[in-house]
K.L.:
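A single structure is presented below for examination.
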Amino acid sequence: MAPAGSEFLRAVLHGLAQTPKTLPCTYFYDATGARLFTRICRLPEYYLTRSEMALLQQHGGEIARRVPAHVGVVEFGSGSSRKIDLLLEHLDRPAAYVPVDVSLSCLQSAARALRRRYPGLLIAPVHADFTTHLELAQQLPAGPKLGFFPGSTLGNFDPADATALLRRFATTLGEGCQLIVGVDTKKDVCRLHAAYNDAAGVTAAFNLNLLRRINRELGGTFDLRQFVHRAPYNRAAGRIEMHLISLRAQTVRIGNAQVTFRAGESIHTENSYKYSLADFTAIASNAGLAVRGTWIDRQRSFSVYLCGG
Ligand code: AVJ
C-alpha cells in the first residue's frame, strides 16, 4: 500500500493545479487542526455545535423511540464522538457503535472513553475516510442499522456529492436502515458570516493550519504571513466558502513541485452548505431516502433529520 502521505501530496498538487485553486477540506484535521476545530466549536459565534447538542439533548429520547431495539449504530466522521451519548443513552439495547473517522488519535481516545461509559456495548472503531467505499459487515452484528451524520459535515459537499454520499451511506447500512443527519440552516447572513470569521481568529488559524500541515508533511515552503483567511457567504449557492488569499505574487515549493500565486489569488479550501427544509428534503429524496422526522430549534439555528429508506 502507498504511504498515506503520497495521497495527501497528490491531492494537494492536483488542487493547486486547478483554476481556481482548491485544497480538500478533509486534510484540515491533523492533530493541530482537530484541536483548533474543538476550539471553534466552543466559540461564542459558532452556534452550530451548541445548537445541535441542545436539539439532541432536548429530543434525543423522542428520536430514539423511532429507532428499533438492538440497532447497530454507525457514525460517519465521528471526531471526538461527543454527540453520540445523547442518542446512546436513549436507545433500546444498541448492538454496537461503529465510529468512522480519519483521525486515529480522535478515534482511539473516543473509543476508550465510550468503553468506560458503556461497558456492555460493542465499540468497533473504523479508521477510514467516510467518503470512500466502506465495508462494515464485519464490524456490525446482523440486525437493524442506524447511521449518524451530525455536525453539518454534509455541508462540505456540493448538492450532487451530498446526494451520492447519503445514497452510499444507505447502501453501506443496508435495507431498512435509518439515518440521522444534522445540518446547518439558511439564516441571517451576519450570523453565518460571524460564525466563520470569529473575533478571536480561531477559524483563520484553522484554515491556515492546512498550509502549515503541507509545510510539515510535504516539505512545503508556504509563508503563513503571506496568506489571509476569508470566509464570505455565497448566497446564490447557499454556502459559506473558506478561502486563503495570497497577499502578493509568490512562488511556493511543495517537495519537488512549484506553485505560483498572483497577488489576491485564492485557494478555495472549504464549502459549508446551508439547508432549508426543502433543500434537505430534495437531497434526501434524490438519495432514495424519505424524511421521517425534523427537529429545528426556535431560532431556526440548526436542524436534525431522521431519514429512512
Ligand atoms: C465540520 C464541516 C461542519 O462547515 O462549519 C468550521 C467546519 N469550517 N469552521 C463547518 C468548519 C470552519 C465545519 N464542519
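Please read these numbers as outputs of a predicted model, since none were measured by experiment. Start at 1 and go down the list; that is how both ligands and their atoms are numbered.
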K.L.:
Answer whether the closest heavy-atom distance between the side chains of Met53 and Phe302 falls below 4.5 Å.
P.N.:
no
K.L.:
Quick one: nearest non-hydrogen protein atom to atom 13 (C) of ligand 1, plus distance?
P.N.:
Tyr46 OH, 3.3 Å
K.L.:
Going by side-chain contact (heavy atoms from CB on, under 4.5 Å), Pro125 matches just one of Leu107, Val100, Val98. Which one?
P.N.:
Leu107
K.L.:
Show the atoms of ligand 1 that are less than 4.0 angstrom away from any heavy atom in Ser152.
P.N.:
3 (C)
K.L.:
State whether Phe8 and Arg213 meet the cation-pi test: NZ (Lys) or CZ (Arg) under 6.0 Å from the six-membered ring centroid, and within 45° of the perpendicular axis.
P.N.:
yes
K.L.:
Salt bridge between Glu241 and Arg239, side-chain N to carboxylate O under 4.0 Å?
P.N.:
yes
K.L.:
Could you tell me, atom by atom, which parts of ligand 1 come under 4.0 Å of a heavy atom of Met242?
P.N.:
8 (N), 12 (C)
K.L.:
Among Arg230, Glu265, Gln226, whose side-chain contact (heavy atoms from CB on, under 4.5 Å) with Ile245 holds?
P.N.:
Arg230
K.L.:
Any non-hydrogen atom of Gly155 lying under 4.0 Å from ligand 1?
P.N.:
no
K.L.:
May I ask which of Phe28, Tyr29, Tyr196 has a heavy atom nearer to atom 9 (N) of ligand 1 than the others do?
P.N.:
Tyr196
K.L.:
Does NZ or CZ of Lys21 come closer than 6.0 Å to the centre of the six-membered ring of Phe261, within 45° of the ring's axis?
P.N.:
yes
K.L.:
Examine Ser272 against ligand 1 and note whether any of their N/O atoms are separated by less than 3.5 Å.
P.N.:
yes
K.L.:
Out of all atoms in ligand 1, which are within 4.0 Å of some heavy atom of Asn156? Include the element for each.
P.N.:
2 (C), 4 (O)
K.L.:
Looking only at protein heavy atoms, which one is nearest to atom 3 (C) of ligand 1, and how far off is it?
P.N.:
Gly151 O, 2.8 Å
K.L.:
Starting from atom 7 (C) of ligand 1, locate the nearest protein heavy atom and write down its residue, its atom name and how far away it is, to 0.1 Å.
P.N.:
Glu270 OE2, 3.4 Å
K.L.:
Side-chain heavy atoms under 4.5 angstrom apart, residues restricted to Ile, Leu, Val, Met, Phe, Trp, Tyr: same cluster for Leu165 and Phe148?
P.N.:
no
